[in-house]
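Please read these numbers as outputs of a predicted model, since none were measured by experiment.
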Amino acid sequence: MPVSPRHPLLRPAAMLLGLCVLAGLVVAGMAFPLAAGIGVTSSDVGDSVNTVSTDLVDQPLPQTTTVTDSAGVPIARFFEQNQNRHAVKAEEISPAMKAAIVAIEDRRFYQHQGVDWQGTMRALIANSASGDVVQGASTLTQQYVKNYMLYVEAETETERLKATEQTPARKLKEAQIALQMERALSKEEILTRYLNIVSFGNGASGIDSAARTYFNTTPDQLTVPQAALLAGMVNSTTAFDPVSKPAAALERRNIVIQQMRDQQMIDETQMQAALAAPLGVVTPLISQPNGCIGAGDAGFFCKYVAEYLTEAGFSQEQLNRGGYTIKSTLDRNVLEKVKASLVAEVPPQQANVANVMSVVQPGQDKHRVLGMASSRTFGLDAEAEETSYGLPYEPVNLGAGSTYKIFTASTALEKGLGINYQLAVPPSGYASPIYVDGNGRPLPVQNASSGLPERLSLTDALALSPNTAFIKLEEFTGVPDVVDMAVRLGMRSLATTPFVDPSTGRPTDRSIAEVTKAQKQASFTLGVSPTSVLELSNVGATLASGGMWCPPSPIESITDQAGNPVPLTEAPCQQVVDPGLANAMMNALSHDDINGTSAGAARQVGWNRPMAGKTGTTQQHKSAAFVGVVPQMSGAVITFDNSNSPRPLCDGAGSPFACRSGNIFGGKTPAETWFGAMTPLLQGQPVVPLPPVEQRYLEGGAESRVPDVVGRSQNDARGALERAGWTVSTRTVDNAAARGTVVGQSPRGTALPGETIVLSVSSGTVPPPPAAPGGPPQAGQPPGGDQPPGDEGGGNGGGDGGGGDGGDGDGG
């Protein structure tokens with residue numbers, strides 16, 4: 001009776017015959033890559049074999065990119081899904097680990113040439129006898145080839161399935177490449193590459209990640225029982241998972257240990273000690289999250305690093321696979337102090353309120369971002385008030401209020417004024433010809449406080465922040481030049497962020513800066529534009545760097561897998577304003593903590609260092625800001641309602657909260673946050689003075705100098721002024737001087753080019769005696785003094801011709 005070809009007795013012989021044919025085809029394929037047989041096409045064994053073989057030998061493995069702080073301590077890792085891999089050298093792997101993997105996966109590793117024909121035939125016989133796969137036939141070299149095609153070459157799920165399919169074509173290709181690899185690489189190198197690529201489960205790819213994940217150690221410190229456990233998992237990371245299936249993992253580990261003893265890799269004593277050892281897996285496993293989630297308080301900074309690198313030309317694939325070491329500029333001490341101050345003012349789970357701060361180090365060749373944080377926790381749990389949005393560096397749509405008066409003042413200095421210039425302070429209700437509504441009708445401008453002098457020096461005006469004064473100053477500077485100054489000093493996103501049409505809510509094809517200039521939106525000086533707290537901090541760094549703008553960089557250095565420096569394309573530093581102007585602005589802003597709107601916050605911490613500062617509050621008190629600068633570092637804070645429907649904020653009861661009618665100001669939570677962070681940061685550091693001011697920027701340029709005509713006759717005075725290019729008006733005052741004598745002029749010393757000089761001309765009549773104490777002020781005298789230091793307030797709202805949502809600064 002003839003035996004059926006499918007008879008079990010013929011199965012071993014048929015498989016052996018197939019194996020012999022396959023072996024012959026492998027050899028033939030090595031010599032003639034285009035050969036075909038047994039249904040294997042030329043495309044399966046052709047040029048792709050040589051290509052993959054070359055890549056296996058020459059190309060580095062995809063590795064995890066590590067981001068560190070400025071001290072080199074890791075803060076985050078970037079890798080492809082389930083491929084957290086850091087390749088190590090052969091000498092960085094313990095002998096026990098190498099022995100364990102050879103013992104259980106390829107005992108003839110050091111005898112074969114890439115394909116173990118003896119082992120393959122033995123496996124075929126065993127598998128055929130059982131009717132199932134009970135023995136593997138792939139060598140470590142072949143397994144490395146399969147893992148390379150699975151984890152490196154395959155990019156889609158289809159390609160990954162193809163890399164693991166059980167077909168003669170794949171086996172043939174795998175065997176050919178293995179044979180070529182053995183000719184090009186040493187056994188030690190192949191073994192090392194295998195241990196660096198293989199998966200050990202629980203997100204650990206490669207031996208370095210596995211050692212850290214399961215034992216919190218390095219691969220060179222792995223003991224015999226630890227190595228045996230990891231080697232045993234390679235067969236099935238799920239079946240022998242020591243976390244979910246400890247009994248199966250222990251049994252598998254002990255099999256590996258016994259194999260090591262049978263192959264004389266360890267002696268009897270070592271075996272017994274290893275068998276008696278517990279699994280020893282750390283609980284919980286040392287998790288290494290992918291990306292910035294899990295970076296803790298450094299999460300916002302980490303995300304800024306990733307986005308900064310993307311803008312510099314790095315792709316996400318490069319970050320996930322490149323194995324770079326990215327040393328950032330993050331100073332852990334700065335981060336800790338900033339975070340502590342932020343949450344002290346606004347608790348992390350305070351609904352709808354975010355308190356954000358960024359710190360930048362001034363410099364002539366680099367502006368390093370030392371830290372950034374938010375009162376809100378970086379994360380994905382929205383119900384716990386967590387967020388992954390870049391709050392400390394993305395623009396806040398509500399604006400930063402009167403901090404933008406910095407740009408108006410800087411523009412005025414560039415046009416000829418000095419910081420001692422006596423700025424006119426129109427009373428509340430002043431209707432500026434450039435501050436208009438959508439129909440071109442002038443809008444009244446309000447100050448938060450009454451009783452201000454008719455004129456203030458530019459320095460005092462920045463400290464007390466009257467809105468009317470800066471709207472008046474903007475008439476001289478022009479809105480477009482102020483916008484350009486803001487962009488130059490650091491508000492670069494204004495020139496790149498599309499303007500959102502308020503009538504449609506959709507972005508336009510023009511930037512915020514372009515629209516603001518084209519429509520001459522005078523509310524710009526009141527800080528209604530979307531503002532990045534990082535960019536605002538960098539404005540301070542630009543002023544502290546003598547007018548040198550550099551991009552706020554979070555990158556100290558980048559090295560590749562081999563430790564070689566990787567160049568990074570960053571925007572070049574630019575001298576954006578004259579150094580004398582920048583130094584003058586540092587001094588012009590130096591009274592805010594003394595008699596200005598942040599004086600109260602400064603007193604709370606006993607502040608006694610020279611600094612430059614400016615507060616800001618927006619319309620309806622939905623956001624408030626503070627930017628403060630010392631020569632060593634610049635920091636900015638914005639406190640705002642970050643909900644989808646922002647409401648005014650009330651500053652009280654321990655922290656700001658949404659309310660019906662707000663009372664938050666830049667001199668409150670924002671300034672208190674800044675001083676709360678900077679005071680401990682600067683403790684023990686030397687007190688550095690502010691730079692000196694050049695005469696040009698102190699008293700103004702020649703174009704702003706006004707001839708002093710007090711004491712001359714009215715006609716002589718008028719003639720002198722008009723010859724110098726000034727417009728003149730007069731008023732008569734009672735005075736004992738001869739009739740027609742000029743007894744006063746305003747402004748005196750310097751004036752805005754084109755400003756009218758008002759002369760006070762004597763009537764020749766002796767004025768009446770002053771009123772008794774407590775009586776009303778006499779004619780010609782200014783009303784009462786300044787508001788209490790630190791008691792800043794918001795001014796008027798209302799948009800201008802640009803259709804902006806209007807804004808107020810902190811009023812005087």
Side-chain angles (χ1 to χ4, degrees), residues 408-409 411-427 430-434 451-461 464 466 468-478 584 588 693-771 776-786:
T408 309
T411 307
L413 292 185
E414 194 168 65
K415 288 180 178 289
L417 297 189
I419 64 174
N420 285 345
Y421 167 69
Q422 295 295 305
L423 189 65
V425 184
Y430 169 69
S432 166
I434 68 167
L452 291 171
E454 292 181 355
R455 286 188 175 270
L456 289 170
S457 71
L458 184 58
T459 297
D460 287 337
L464 298 175
T468 58
F470 283 92
I471 289 290
K472 178 73 175 176
L473 184 61
E474 202 176 28
E475 293 175 17
F476 158 63
T477 61
V693 185
E694 298 175 15
Q695 187 67 21
R696 149 68 181 86
Y697 293 105
L698 190 65
E699 300 298 340
E703 64 273 32
S704 67
R705 300 288 175 84
V706 181
D708 194 328
V709 295
V710 174
R712 297 191 186 188
S713 68
Q714 178 177 341
N715 290 337
D716 284 347
R718 179 183 290 274
L721 290 169
E722 288 179 345
R723 284 192 298 273
W726 299 96
T727 301
V728 180
S729 68
T730 61
R731 65 174 180 168
T732 301
V733 297
D734 291 338
N735 192 280
R739 182 183 178 86
T741 301
V742 175
V743 293
Q745 74 178 68
S746 178
R748 190 175 185 180
T750 59
L752 298 175
E755 185 175 2
T756 298
I757 309 301
V758 179
L759 300 179
S760 297
V761 181
S762 173
S763 66
T765 303
V766 178
Q778 300 300 307
Q781 291 184 340
D786 301 341

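- The minimum heavy-atom distance linking Tyr430 with Lys472 is given by the pair OH-CD, 3.4 Å.
- Scanning both residues, Pro747 and Val706, for their nearest heavy atoms gives O-CG1, 4.3 Å.
- In this structure, Ser762 contributes its side chain and Asn735 its backbone to a donor-acceptor pair below 3.5 Å.
- When side chains are defined from C-beta on, Thr741 does not count as touching Arg712, because their heavy atoms never get closer than 4.5 Å.
- The two residues Leu423 and Ala461 make their nearest non-hydrogen contact at CD2-CB, 3.8 Å.
- The distance from atom CD of Gln745 to atom OG of Ser760, rounded to the nearest 0.5 Å, is 9.5 Å.
- The shortest distance between side-chain heavy atoms of Leu721 and Leu759 falls below 4.5 Å.
- With sequence neighbours excluded, no residue forms a salt bridge (charged side-chain N to carboxylate O under 4.0 Å, His left out) with Glu699.
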Between Leu417 and Leu473, does a side chain to side chain contact (heavy atoms under 4.5 Å, CB included) hold up when you go through it step by step?
-> CA-CA 11 Å; Leu417 297 189; Leu473 184 61; 4.0 Å; yes
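- Between Tyr421 and Leu752 the shortest side-chain heavy-atom distance falls below 4.5 Å.
- Summarising the geometry of Pro707 relative to Ala720, their closest heavy-atom pair is CG-O, 4.4 Å, with the distance given to 0.1 Å.
- Side chains of Ile757 and Val709 form no contact here, defined as non-hydrogen atoms less than 4.5 Å apart.
- Shortest non-hydrogen contact noted between Tyr697 and Ala584 is CB-CB, 3.5 Å.
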Given side chain to side chain contact (heavy atoms under 4.5 Å, CB included), test Leu698 with Ile419 step by step and report yes or no.
-> CA-CA 5 Å; Leu698 190 65; Ile419 64 174; 3.9 Å; yes
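- Judged as a side-chain contact (heavy atoms from CB on, under 4.5 Å), and not counting sequence neighbours, the contacts of Gln422 are Arg455, Ser457.
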Run the numbers on Thr411 and Phe476 for side chain to side chain contact (heavy atoms under 4.5 Å, CB included), then give the verdict.
-> CA-CA 10 Å; Thr411 307; Phe476 158 63; over 6 Å; no
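- Ala737 approaches Val743 most closely through the heavy-atom pair CB-CG1, 3.8 Å.
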Take Asn420 and Thr750, measure what side chain to side chain contact (heavy atoms under 4.5 Å, CB included) needs, and give me the verdict at the end.
-> CA-CA 8 Å; Asn420 285 345; Thr750 59; over 6 Å; no
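- Judged as a salt bridge (charged side-chain N to carboxylate O under 4.0 Å, His left out), and not counting sequence neighbours, the contacts of Glu722 are Arg718.
- If you take OG on Ser746 and CD on Glu755, they are separated by 7.5 Å, rounding to the nearest 0.5 Å.
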